Amino acid sequence: MSITFINLVYILAALLFALGIKMLSSPDTARKGNFISALGMLIAIIVTLLYSGLDYKWIIVGGVAGAIIGTLAAKLVKMTQMPEMVALFNGFGGIASLLVGWSEFHMYVQPTSAAPSTVSLITIFLAVLIGGITFSGSLVAWGKLAEILNSKPWLFPGQKIINALLFAGILAAGALLVINPVGNYPVFIGIVVVSIILGVLSVVPIGGADMPVVIALLNSYSGLAACAAGFVIDNNLLIVAGALVGASGIILTNIMCKAMNRSLANVLFSGFGATTRSSKKVEGEVKPISVDDAYLILEAAGSVVIVPGYGMAVAQAQHVVRELGELLEANGTEVSYAVHPVAGRMPGHMNVLLAEANVPYEQLVEPQDVNPKMELIDVAIVIGANDVVNPDARDDNNSPLYGMPIIEVDRAKTTFVLKRSMAAGFAGVDNPLFFGTNTRMLFGDAKASITGLVSEFKG
Amino acid sequence: MSTEILFIFLLAMFLGIELISKVPSQLHTPLMSGSNAISGITIVGAILAAGTSSDSLRIILGTLAVAFAAINVFGGYIVTDRMLGMFKKKQGEVQK
């Protein structure tokens, strides 16, 4: 097959990737968009297999093994585990680029090979560096999300100095490699090892609550790693596809940081949650409410906003919540779900969990849509959310949450907070909402409380 | 490598930022899993590494790279499809 034909097909594949992402701009077309993107991948793989002189044996072995593992993982994963899966897949993207870079390096150091150009060596170095950091950083993120590793930030004295020294060292090693590749195979292996260590060290100081930012960032790195591999083998399709993924990750990282009102540097280096404490003592009285009384108020409500947090998914309460929503609607109440960008453990996670529970996507609203009309809402029901409804983020400039956009349920006519106990949220900050005059605390297991409300409505 | 390839990279980044800022926040999880699948494009480089050499280390590296990239391609697209299939309109309305 001629190289020109192959390159033309690669252009088509790149267009299909771009078109597929464009169709993700609406839930109506998104599924078709994903299919178009997959079609782009299919033709890219087929046409690559048409390169003359390929030995298919090992390609088939690797391809079939990957296809089986990937398909099983995609079919078996629970929607609550999506952050773990994305984290792991970010890492696989990274290691694949590292391996491609290594393979190219190995080819260049053979005695029969022509001397590699400086540019080739720099791109190999970048593919290995970015790929290695992405791989091990993603594995640590996965371990924290899956709670195999302690999700608390792990800080030790001299951490930043050690990271800086390692980074300086790896750059020096890279320079050495570019100057003399053939005699420096051990240096190359050193670069592989140190890049993997760097990935681990850069993710361990980041706490579990910040993982949405980290997996978005690693998503971006995995794209840039594919880009670097594209530079190594001089392939435009890898560069375009990698750049699309890289851009996506950067945008999501930015959105997540804004939603938490933190800079990326603050997320990456500060070990948030390890040290911060609100100085203010919250005053006021906690007013509990029973399921029976809550039912009477909901029965009479004209509009209800449900604010789900990750606690709802942990309690597996999304299905009964949807049932309650439907019963309220049948009772003439207007129901919407206000989803904060950092609800859940990755960008958009809560929307997927609600979609899985058959909540129609038109009912899902964002904070900026619901906040302006909050005074008109009869009842706001907070289920397993805490920091994202903390009024201190708006009112108290000493609060570590200050400046974070919140869902202002404290301004609704009545707010129910479903909570197991009075424990603080992820950030370890007290929440004055619980002591608000319009707030009623519905203590107990969220799923049991909602189930109670559902049976009252049915009863 | 020519500077042309850097030019393509920058244009593609620009295109990516334009396209992705239009993806609504409710689709951000499928966007990320779909991105995982697209980053599996490294499979193209992996295929060439695994299939063009008789050197055993290059074959091992290439085969592993094909396997990891294939996990991303298959896993990424299938799980994204699974998720997007869950996004439904209100009952009674026909999905476009």
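Reckoned from all heavy atoms, side chains included, excluding hydrogens, waters and symmetry mates. Throughout, a chain's letter reflects where its sequence line sits, starting with A, and its residues are numbered from 1. Since the structure is predicted, the reported quantities are computational estimates derived from the model, not experimental observations.
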Checklist entry - What residue, out of A:Ile60, A:Leu252, A:Ile69, has the most heavy-atom pairs lying under 4.5 Å from chain B? => result A:Leu252
Item to check | Main-chain N/O of A:Ala226 paired with B:Thr42 side-chain donor or acceptor, under 3.5 Å | outcome: no
Checklist entry - Between B:Ile17 and chain A, which part of the residue has a heavy atom less than 4.5 Å away: side chain, backbone, both or neither? => result both
Checklist entry - Rounded to the nearest 0.5 Å, how far does CZ of B:Phe74 lie from OG1 of A:Thr71? => result 6.0 Å
Checklist entry - Heavy-atom distance under 4.5 Å to chain B: side chain of A:Asn235, backbone, both or neither? => result both
Checklist outcome for this item: Pair count under 4.5 Å, heavy atoms only, with chain B: among A:Ala241, A:Ser37, A:Gly246, highest is A:Ser37
Item to check | Spacing of B:Leu31 atom CG and A:Leu24 atom CG [to the nearest 0.5 Å] | outcome: 6.0 Å
Item to check | Residue A:Ile233 versus chain B: region with a heavy atom under 4.5 Å | outcome: side chain
Item to check | Which portion of B:Asn72 sits near chain A, non-hydrogen atoms under 4.5 angstrom | outcome: both
Next on the checklist: Quick check for you: among A:Leu88, A:Leu98, A:Val240, A:Leu238, which has the greatest number of heavy-atom pairs under 4.5 Å with chain B?
Outcome noted: A:Leu238
Item to check | Contact winner vs chain B - A:Gly20, A:Gly249, A:Ala243, heavy-atom pairs under 4.5 Å | outcome: A:Ala243
Checklist entry - Which atoms of A:Leu76 come close to chain B, meaning under 4.5 Å heavy atom to heavy atom: side chain ones, backbone ones, both, or neither? => result backbone
Next on the checklist: Report which part of B:Ala46 has an atom under 4.5 Å of a heavy atom belonging to chain A: side chain, backbone, both, or neither.
Outcome noted: both
Next on the checklist: More than 12 heavy atoms of other residues, nucleotides or ligands under 6.0 Å from CZ of A:Phe92: yes or no?
Outcome noted: yes
Checklist entry - To the nearest 0.5 Å, how far apart are CE in A:Met350 and OG in B:Ser25? => result 12.5 Å
Checklist entry - Using non-hydrogen atoms only, which part of A:Ser26 is less than 4.5 Å away from chain B: side chain, backbone, both, or neither? => result backbone
Item to check | Part of B:Val73 lying under 4.5 Å from any heavy atom of chain A | outcome: side chain
Next on the checklist: Quick check against the 3.5 Å criterion: does B:Thr29 have a side-chain atom that pairs as donor or acceptor with the backbone of A:Pro347?
Outcome noted: yes
Next on the checklist: Taking side chain as everything from C-beta outward and backbone as N, CA, C, O, which of these in A:Ile95 sits under 4.5 Å from a heavy atom of chain B? Side chain, backbone, both or neither.
Outcome noted: side chain
Next on the checklist: Need one label for A:Ile255: side chain, backbone, both or neither, based on atoms under 4.5 Å from any heavy atom in chain B.
Outcome noted: side chain
Checklist entry - Looking at CD1 of B:Ile71 and CZ of A:Phe89, how far apart are the two atoms once the value is rounded to the nearest 0.5 Å? => result 7.0 Å
Item to check | Candidate pair A:Asp28 and B:Phe87, rule side chain to side chain contact (heavy atoms under 4.5 Å, CB included), full reasoning | outcome: CA-CA 8 Å; A:Asp28 290 335; B:Phe87 280 84; over 6 Å; no
Item to check | Contacting moiety of A:Met107, where chain B heavy atoms sit under 4.5 Å | outcome: both
Item to check | Residue B:Phe14 excluded, over 12 heavy atoms near CZ under 6.0 Å | outcome: no
Item to check | Toward chain B, the part of A:Tyr10 with a non-hydrogen atom under 4.5 Å | outcome: side chain
Checklist entry - Checking B:Ile38 against chain A: side chain, backbone, both or neither under 4.5 Å from a heavy atom? => result both
Item to check | Among the listed options A:Ile21, A:Val86, A:Leu364, the residue most often paired with chain B at heavy-atom distances under 4.5 Å | outcome: A:Val86
Checklist entry - In terms of heavy-atom proximity below 4.5 Å to chain B, should A:Ala229 be classed as side chain, backbone, both, or neither? => result side chain
Checklist entry - Which atoms of A:Asn254 come close to chain B, meaning under 4.5 Å heavy atom to heavy atom: side chain ones, backbone ones, both, or neither? => result neither
Checklist outcome for this item: So CH2 of A:Trp58 and CD1 of B:Ile60: to nearest 0.5 Å the spacing works out to 8.0 Å
Checklist entry - For chain B, which of A:Gly70, A:Ala216, A:Gly33, A:Pro83 has the most heavy-atom pairs under 4.5 Å? => result A:Gly70
Item to check | A:Ile68, part contacting chain B, at a heavy-atom distance under 4.5 Å | outcome: neither
Next on the checklist: Using heavy-atom distances under 4.5 Å, tell me whether A:Glu366 contacts chain B through its side chain, its backbone, both, or neither.
Outcome noted: side chain
Checklist entry - Checking A:Ala357 against chain B: side chain, backbone, both or neither under 4.5 Å from a heavy atom? => result neither
Checklist entry - Are the side chain of A:Asn34 and the backbone N or O of B:Tyr77 linked by a donor-acceptor pair below 3.5 Å? => result yes
Checklist entry - What part of A:Ile251 is in contact with chain B, defined as an atom under 4.5 angstrom from a non-hydrogen atom: side chain, backbone, both or neither? => result side chain
Item to check | CE-OG distance between A:Met85 and B:Ser33, expressed to the nearest 0.5 angstrom | outcome: 8.0 Å
Next on the checklist: At a 4.5 Å cut-off on heavy atoms, which part of B:Arg58 comes close to chain A: side chain, backbone, both, or neither?
Outcome noted: both
Checklist entry - Going by heavy atoms in the side chains, are B:Leu27 and A:Asn351 under 4.5 Å from each other? => result no
